[in-house]
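These notes concern the structure reproduced below.
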Amino acid sequence: MTTESWLQCINPSCGKKYSVNEPRTNCDCGELLDVKYKGEFPTSLKETFSERLNHHQNIFNESGVWRFRELLNFAGVDTENYDDYSKKLVSLDGAEGRTKPFHLTRVADYVGLKSANFWLQFEGDNPTGSFKDNGMASAFTHARIVGAKKVVCASTGNTSSSAAAFAANELDMQAVILVGEGKIAKGKLAQSLAYGAKVLQVKGDFDVAMAMVQALSKQSDIYIVNSLNCFRLEGQKTMMFRILDYLRWKVPDWIVFPGGNLGNTSAFGKAFMELYEYGWIKKKPRMAVIVAEGAPTLSNMYNEHGLRWNNGNIDNSIIDDYYAEVERKGIKAKTRASAIEILKPVNLKKAIRTLEFTDGVVTTVTDEKILDAMAMVSKNGFGCEPASAATVAGTKKLVAQGVIKEDASVVGIATGHILKDTSAIVDYHFNPKNKFANTPIVVEPDVNQILKLANS
Ligand code: F0G
């Protein structure tokens, strides 16, 4: 089965098309681009996807990204011909995207939902410990199509870890990563160094590093693997496909996840727009995007300034005025959830489109609530990094507000692994004032004292 694909400007009044063989991130008019498809998408593929779980050592069936290859076939492969697709699709040997939703009884109770109706999908179980591996598989596949040997990204740490790992595994590729100096968690910095990326610590935060990457894109043909690159978003759609596959294509009422650069918000919305268009689903899930109180751009623009997609007729003055004010007041993003410490999300417009299509909501959560939620996920025997816990804190808030009804079915995405930011966890538990602190006890090497404490 092959598919035709092209790039197209997201602004319907422009709609300019480009070849998928071009390494471009934006339309000539400056707007973002989508990958578009034309082909046959029979519902019988649902069965095929499910059967591929029995992968028979075919790494492209093992991969939770390429298992769904018919729905992101921008490489134009013959999806049933191993000799063809195995030469073109990039994978960490089938390891990416092998995730599924889990029930977490204690967390369900904490957020106020029924355990049977609540799941968390741990994207931290990806090979580099975050959801980014979904998108890097597709971005690197496209990088290969255009013959790139060097990739670049700005990052709060997970994109960079993933890009560095994929580049290392491809043998003939190099990753150059830009991170805000002192702005990324140690676990993530360690990964990028270990995988052999060229690490540039930019004096500034993520927004500054991202602006550098955008400026670079205008001056060189270095290949960008940030979510500005619409091929990355294609891989990230598969997080939604795995949820639906696991739930036997019964669409949940809500999908909840954290927002940073808004790549996921864009990709998840696109996944459902396409499935809806293909007639695979009749119901749209509502999306809840959770942002940190200290990085509230999407919430402010959507909830307070009334920014709407409006069939592509976005009122750009709302965005321009907002950023002008941010600039004038010298406001910077600030949150302990460093992964989402972003004030100028590059995918803002696509995210707004998702919110319209899914009748979505955006809400903010405080760092205190994020860290309590992170502790609660671990009290259930699972774990995630702070940004991911925004999902849980946000769900709890929306249930308490009655936005998410108590009997709703909800799937949350936990985006990054517990070991990404261990200092956030240790700091939390060493402070006995924190709600779920499990503070260690210092004890003399005295067996009786230890026994007394063990039994207390
Ligand atoms: N959760 C984690 C763990 C992340 O690393 C990110 C983004 C997000 C949520 C937000 O996702 O950007 O799609 O809205 N991290 C990027 C990075 C920015 O550079 O690693 P988004």
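Remember, it's 1-based here, ligands and their atoms both numbered in the order they're listed. The basis for the numbers below is simple: all heavy atoms, side chains too, and nothing from hydrogens, waters or symmetry mates.
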Pairing donors with acceptors under 3.5 angstrom, does anything connect the side chains of Asp133 and Thr128?
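There is such a pair (donor and acceptor under 3.5 Å, judged by atom type) between the side chains of Asp133 and Thr128.
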Name the residues with a heavy atom less than 4.0 Å from ligand 1?
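Within 4.0 Å of ligand 1, protein side: Phe131, Lys132, Ser155, Thr156, Gly157, Asn158, Thr159, Pro258, Gly259, Gly260, Asn261, Leu262, Gly263, Asn264, Ala339, Ile340, Ile342, Glu385, Ala387, Thr415, Gly416.
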Check [options] against [X] for a ring pair (Phe, Tyr, Trp, His ring centres under 6.0 Å) and give me the one that passes.
X	options	result
Phe49	Phe68, Phe241, Phe41, Trp66	Phe68
Phe357	Tyr276, Phe268, Trp309	Tyr276
Phe74	Tyr37, Phe231, Trp6	Phe231

Asp421 bridged to Arg336 by N-O distance under 4.0 Å:
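Yes.
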Could you list the donor-acceptor pairs under 3.5 angstrom formed between side-chain atoms of residues 27-36 and any protein atom two or more places apart in sequence or on another chain?
from  : atom 1 : to     : atom 2 : distance (Å)
Asp28 : OD1    : Arg24  : NH1    : 3.3
Asp28 : OD1    : Arg24  : NH2    : 3.1
Asp28 : OD2    : Lys16  : NZ     : 2.7
Asp28 : OD2    : Tyr18  : OH     : 3.4
Glu31 : OE1    : Lys349 : NZ     : 3.3
Glu31 : OE2    : Lys349 : NZ     : 2.9
Asp34 : OD1    : Arg353 : NH2    : 3.0
Asp34 : OD2    : Arg353 : NH1    : 2.6
Asp34 : OD2    : Arg353 : NH2    : 3.3

